[in-house]
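Since the structure comes first, as structure tokens, the remarks are kept for the end.
These numbers were taken from a predicted model, which means no experiment stands behind them. Values reported hereafter were calculated over all heavy atoms of this structure, with side chains retained and with hydrogens, waters and symmetry mates removed. Reminder, nothing fancy here: chain letters follow the sequence lines and each chain counts from 1.
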Amino acid sequence: MPPHRYTPALAQRIELAWQDRWAAEGTFHTPNPVGRLSAGFERVADRPKYFAMDMFPYPSGAGLHVGHPLGYLGTDVTSRFRRMDGDNVLHPMGYDAFGLPAEQYAVQTGQHPRITTEANIAAIRAQLRRLGVDHDDRRSFATIDPAYYKWTQWIFLQIFGSWFDADAGRARRIEELVAELDAGTREPGEGTNPYDRPWAVLGAAERGVVVDAHRLAYLHEAPVNWCPGLGTVLSNEEVTPDGRSERGNFPVFRRPLKQWMMRITAYADRLLDDLDRLDWSDSLKLMQRNWIGRSTGARIRFAAGAVGRPGGAAETIEVFTTRPDTLFGATYMVLAPEHPLVEALTADAWPEGADPRWTGGLATPAEAVRAYQRQASRRSELDRQDAGREKTGVWLGVTAVNPVDGRELPVFIADYVLTGYGTGAIMAVPGEDQRDWDFARAFGLGIVPTVERPAGFDDSSGAYTGPGRMINSSNEEISLDGLDKATAIATVTDWLVRRGAGEATTTYKLRDWLFSRQRYWGEPFPIVYDEHDRPVAVPESLLPVLLPEVDDYSPKTFSDDDADSAPEPPLSRATEWTTVELDLGDGVQKYRRETNTMPNWAGSCWYYLRYLDPGDDTQMVDPELERYWMGPRGEGDVGGVDLYVGGVEHAVLHLLYARFWHKVLHDLGYVSSEEPFRRLVNQGYISAYAYTDERGFYVPAADVEEKDGRFFYEGEPVNREYGKIGKSLKNMVTPDEMIGAYGADTFRVYEMSTGPLEQSRPWETKAVVGSQRLLQRIWRVVVDEQTGAVRASDAEPAEETLRALHKAIDGVRDGYATLRFNIAIARITELTNHLTQVHGADTPVSRAVAEPLVLLVAPLAPHLAEELWSRLGHDESTAWTPFPQADERWLVEDTVQVAVQVNGKVRSQVTVPAGADAAALEAAARADEKIAGYLEGATIRRVVAVPGRLVNFVLG
RNA sequence: GCGGGAGUGGUGUAACGGCAGCCACGCCAGACUUAGGAUCUGGUGCCUUCGGGCGUGCGGGUUCGACUCCCGCCUCCCGCACCA
């Protein structure tokens, strides 16, 4: 072994030394334009800014595997490249540390969550440092730091202290609402005034209730997702489609509870519309669009209940439909089983001769309704799916009246109508809706077609949902017959408005965000309750409201399926803390603290802003810093982080919540940007093979041998499966192991070489050696393996070598710029292989080529590059050395080889001058012996000659 | 069911509508070695009668020319899923 070979041991020595030096010299300290972190800004003042960021890690106890750093390395390579290429780059890293897993881990280990969490953070920080990432460590923080969550609480107070002005389409301060209400220029918004009297005559306490109902953060008693197994309520986004908790997979039940909500629905339109202005993948935008779920249609009111219910008062059923044009085809109505009108509408007795299918076989409507409601509430979401699309329901014993033709429509409850969407009630049009058709079929209800069917359509086979002219749709006042869908919708909606029976409207699938959790390990709310139990903001001067120490921070959990249990926040046990005496302007009073805590999404909603100066204890973020790092880049630009990399699993959780908070902060004037993340990239996942033996047990993947496409462990055949990496799958490979075996640079190059950043890929330890060989060859270009001396010569490089160099520069730049690091590595490899081949052991590579090569590889293998750069005699870090520019002169060849095709098949190659025109190309091609053979005696129908590309003879 | 994405050598992948398979792993051969799981060099899509033929999931289309664009299928992955 030559004494100065680039071995793993040498790589590690080099890496540790450079990591120390970077830390000591503050190489990656990014200067702000103003404030405490502005030292050295003159150096970068004329540079454009570039803010690159990862979704910060959650410091769980499980440790990192080789899949975790992929995204971090992607932003690292990018930030290093952009810095070398002349940007002022901000690349920070922090830790998202409140939340369920940390709390559960702490409960398991019997340690306070702060202790385990901080230990985990230290471990991850050390691992990241060992990978050589260029984070500015002065800007790091964790969401559990009081100096951080002080501002999380402060933002909550801003949200609590504002309301959404629907006319202006933005949030405004609550004081402005009160002023307008007092001035009489505004009345309370819809659904905010329970008193049936105008604002002017309301008492102080009543006014308080009305104001609170406007707030963007508000207390609300409503059915929420209660998870007894976790002992906490959850947001819609945290519940899986089959009705279980995303964390822990426990059953979740709908239960009315009074909880904090955030009025994210007020922002539905902006969250939806502004997606068009973001540089995100289409699939991710689509996920958000689907989650917000905007649909336009009409609300229509049906009088109901008087018929078949002697002496009963009429009620009004309001439905939402996207197809008001089909109103004439409504033949019955359905309420969700939990609809508030169900009780009032239920008839005392079945009318004479009631269809037994409609009554559930029970003696009275009340019995049937109660039985069906019980059945519906018992059934979890999963059961509902298992039951397939078979429609069930019972009749209430009453009818409603179709406003358009006076026809009586029987009113049912059925679980295919959901409480949470639209108004929780529908008009059923079996002719044009498949679900209604299914129900009508099962219950023997009529079908009235209102859209003209194509010839041969069979109404007994299903609903018709295609296009067509309206039919069967007229009364004395209007006729939709013959109209197309859009015109019919406009016509009937207009008529409904004039009759006061409905109006055009928009609904969303998005629900308000359930914001409280019955957990210890989270941000306390900066809220206290007064003697009337009204929530009051804790004054800014008293922030942060510190999370108190308690003896028992474990949540009160229940048996998984104990749906009737009630949440009990751990903080309620901190009895000394829960009551507090404060002077909030009217003398010292006793207050009761809010004992819920915030969900773990709170801290990640705004952390990108805190990176700009985490040490600022006077404000959330300096507006000038926000403008510099996040501000719009011109008219119409949304601003935001320039590159945000993270997993796709946050498509509708973190990314929606953060956008919402950002828009509120924008409306209130705290940030100039309209969106937090201008460009978002979802990195792929790294998967691995796992192997099971005959009994189905996992065997160590590292010891499995392949023979002729089959796999063996200790001589016995095993099965291969492909998927996650994990300890229990016995296929865990850690970055530490790889760094120990090859060094961080090799690990970095390997991870980046296996595909574009967005691409998922398998891990293959045996392929890592290829990246090591590349780095060894680059090392040999600069360093003599026998003597350790620098080999580079001062000779002029050969023309051919210059062409190879500049072609590589061009390709490497493209690869870095487009996050296709595999391309950059392929071009670097080509250049290196070229140099290795042209220059044997005795002819050193020219410095004019070796130096750019070192700089090309610097973003990928920064330690190696620093070492070689320094040995080449440079004092400055590669990080602050300009990235090589390709010289056009060396990108164009003097002569080019072009393919010559005959009838589209390549038959020969000719070499022509680079500038040769079509005629010259054709002449050269005809002169070629092989081609001449093909052309002889043939009729040439056409000749296509593309300069620099090819010639194609089309023979007839 | 609806929506989105993807199908290229044994493997990961690459190709402004213009020579399919760059680069790497693996494999084969060789060099240097006491040795090789180190390093270096060469070869490696398939078939072949060595002329060539066939090849980018399948079938059509547009084009002088299609991995690339269009239409219809198939398969896989992801998201949503009784959303009125």
Residue closer to the 5' end of RNA chain B, A:Phe320 versus A:Gly755 (nearest nucleotide):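 Here A:Gly755 is the residue nearer the 5' end.
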
Just to be sure I understand the rule, does [X] reach a base, reach only the sugar-phosphate, or reach nothing, if contact means heavy atoms closer than 4.0 Å?
X: A:Thr836; result: sugar-phosphate
X: A:Pro2; result: nothing
X: A:Arg299; result: nothing
X: A:Ser281; result: nothing

Verdict with supporting geometry, A:Ile300 and A:Glu318, side-chain contact (heavy atoms from CB on, under 4.5 Å): CA-CA 6 Å; A:Ile300 305 177; A:Glu318 190 171 64; over 6 Å; no

From [atom1] of [X] over to [atom2] of [N], roughly how many Å is that when rounded to an integer?
X: A:Glu432; N: B:C82; atom1: CD; atom2: P; value: 22 Å
X: A:Gln759; N: B:C76; atom1: CD; atom2: P; value: 19 Å
X: A:Asp415; N: B:A84; atom1: CG; atom2: P; value: 17 Å
X: A:Tyr742; N: B:G37; atom1: OH; atom2: P; value: 14 Å
X: A:Trp779; N: B:U39; atom1: CH2; atom2: P; value: 16 Å
X: A:Leu774; N: B:U39; atom1: CG; atom2: P; value: 12 Å

For a quick test of reading the model: is some side-chain N or O of [X] closer than 4.0 Å to OP1 or OP2 of [N]?
X: A:Gln434; N: B:C82; value: no
X: A:Gln776; N: B:U39; value: yes
X: A:Gln837; N: B:G42; value: yes
X: A:Arg780; N: B:C40; value: yes

Assess the side chains of [X] and [Y]: does a donor N or O sit below 3.5 Å from an acceptor N or O?
X: A:Asp436; Y: A:Tyr416; answer: yes
X: A:Arg820; Y: A:Thr818; answer: yes
X: A:Asn833; Y: A:Gln837; answer: no

Aromatic ring pairing A:Phe320/A:Tyr421, orientation class (parallel under 30°, perpendicular over 60°, tilted between):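 Because their plane-to-plane angle is over 60°, the rings of A:Phe320 and A:Tyr421 count as perpendicular.
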
Geometric class of the A:Phe412/A:Phe439 ring pair [parallel <30°, tilted 30-60°, perpendicular >60°]: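 Because their plane-to-plane angle is over 60°, the rings of A:Phe439 and A:Phe412 count as perpendicular.
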
Chi-based syn or anti call at B:G45, which uses purine or pyrimidine torsion atoms and a 90° bound: anti

In B:G72, glycosidic geometry as syn within 90° of 0 or anti otherwise: anti

[X] side-chain proximity, nearest of [options]:
X: A:Arg907; options: B:G53, B:G79, B:C19; result: B:G53
X: A:Val417; options: B:A84, B:C16, B:G3; result: B:A84
X: A:Arg820; options: B:A15, B:G4, B:C19; result: B:A15

Heavy-atom neighbours of A:Lys807 NZ exceed 12 at 6.0 Å: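 No, not enclosed.
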
Flag if over 12 foreign heavy atoms under 6.0 Å of CZ, A:Arg289: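 Correct, the count exceeds 12.
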
Euclidean distance, A:Leu653 CG relative to A:Trp291 CH2, rounded to 0.5 Å: 7.5 Å

Using the [atom1] atom as the reference point in each nucleotide, state the distance between [N] and [M] in Å, no decimals.
N: B:A20; M: B:C80; atom1: C1'; result: 37 Å
N: B:G17; M: B:U68; atom1: P; result: 11 Å
N: B:G59; M: B:U8; atom1: P; result: 16 Å
N: B:C64; M: B:A14; atom1: P; result: 31 Å

Between the protein and nucleotides 64-70 of chain B, which nitrogen or oxygen pairs are less than 3.5 angstrom apart?
| unit_1 | atom_1 | unit_2 | atom_2 | d |
| --- | --- | --- | --- | --- |
| B:C64 | OP1 | A:Arg942 | NH1 | 2.6 |
| B:C64 | O2' | A:Asn952 | ND2 | 3.2 |
| B:C64 | O2 | A:Asn952 | ND2 | 2.8 |

Between [X] and [Y], ring centroids under 6.0 Å:
X: A:Phe711; Y: A:Tyr691; result: yes
X: A:Tyr722; Y: A:Tyr689; result: yes
X: A:Trp763; Y: A:Tyr685; result: no

Structure string for RNA chain B in dot-bracket form, Watson-Crick and G-U at under 3.5 Å, | interchain: (((((((..(((.....[....)))((((((.......))))))(((....)))..(((((..]....))))))))))))....

Base versus backbone protein contacts along nucleotides 22-27 of chain B [heavy-atom cut-off under 4.0 Å; B, S, -]: BSSSS-

Student check: side-chain heavy atoms of A:Arg748 and A:Leu860 closer than 4.5 Å: no

